[in-house]
Amino acid sequence: MGGEETLTVAVRVKPGTSRVRVGGRYDGPHGPALVIAVNAPAVDGRATEAARRALAQALGVRPAAVSLRAGAASRDKLFVVAHAEPAVSALLSRLRDGPDG
């Protein structure tokens with residue numbers, strides 16, 4: 001078995017959308033970012049929390065394994081996924097860049 005891996009994920013949050021969606025690429029200040037659209041408004045950290053939970057669900061990890069590293073007040077965020085299996089990184093690439101990207 002592999003060691004404890006942490007995966008840093010650049011995310012672009014789109015708050016206040018009609019439905020939650022994880023997928024797509026945005027070239028932001030942290031490099032290629034995964035786009036996460038959430039219902040929650042960008043108020044009191046609600047969009048950040050919704051994005052954290054959506055990211056965890058999309059990657060198949062427990063929400064407790066995902067934490068915010070940077071960007072609390074920005075749409076461009078960095079999340080850290082603790083104890084990430086190699087498959088999580090591959091899944092992230094597919095979500096961000098598409099099946100053929």
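Because only heavy atoms are used, hydrogens play no part in the values below, and waters and symmetry mates are left out as well, while side chains stay in.
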Contact check, side chains of [X] and [Y], non-hydrogen atoms, under 4.5 Å:
{"X": "Val80", "Y": "Leu7", "value": "no"}
{"X": "Ile36", "Y": "Lys14", "value": "no"}
{"X": "Leu59", "Y": "Leu95", "value": "yes"}

To the nearest 0.5 Å, what is the distance between [atom1] ([X]) and [atom2] ([Y])?
{"X": "Asp76", "Y": "His30", "atom1": "CG", "atom2": "NE2", "result": "6.0 Å"}
{"X": "Leu34", "Y": "Arg25", "atom1": "CG", "atom2": "CZ", "result": "11.0 Å"}
{"X": "Asn39", "Y": "Arg46", "atom1": "CG", "atom2": "CZ", "result": "11.5 Å"}
{"X": "Glu5", "Y": "His83", "atom1": "CD", "atom2": "NE2", "result": "11.5 Å"}
{"X": "Thr48", "Y": "Arg75", "atom1": "OG1", "atom2": "CZ", "result": "11.0 Å"}

Task: Single-linkage hydrophobic cluster Leu68~Val88, side-chain heavy atoms < 4.5 angstrom - done: yes
Return the minimal non-hydrogen interatomic distance between [X] and [Y], and the atom names on each side.
{"X": "Pro63", "Y": "Ala56", "value": "CA-CB, 3.6 Å"}
{"X": "Ala10", "Y": "Pro32", "value": "CB-O, 3.8 Å"}
{"X": "Ala50", "Y": "Ala40", "value": "CB-CB, 3.9 Å"}
{"X": "Leu91", "Y": "Ala58", "value": "CD2-O, 3.2 Å"}

Donor-acceptor pair, side chain of [X] and main chain of [Y], under 3.5 angstrom:
{"X": "Thr6", "Y": "Ala82", "answer": "no"}
{"X": "Lys77", "Y": "Ala72", "answer": "yes"}
{"X": "Ser93", "Y": "Ser89", "answer": "yes"}

- [ ] Before giving the answer on side chain to side chain contact (heavy atoms under 4.5 Å, CB included), spell out for Val61 and Val81 the whole-Å C-alpha distance, their side-chain angles and the decisive distance to 0.1 Å.
- [x] CA-CA 8 Å; Val61 300; Val81 181; 4.2 Å; yes
Open item on the list: So that I can tick it off, tell me whether Arg52 and Glu49 are bridged by a salt bridge, with the cut-off set at under 4.0 angstrom between side-chain N and carboxylate O.
Closed with: yes
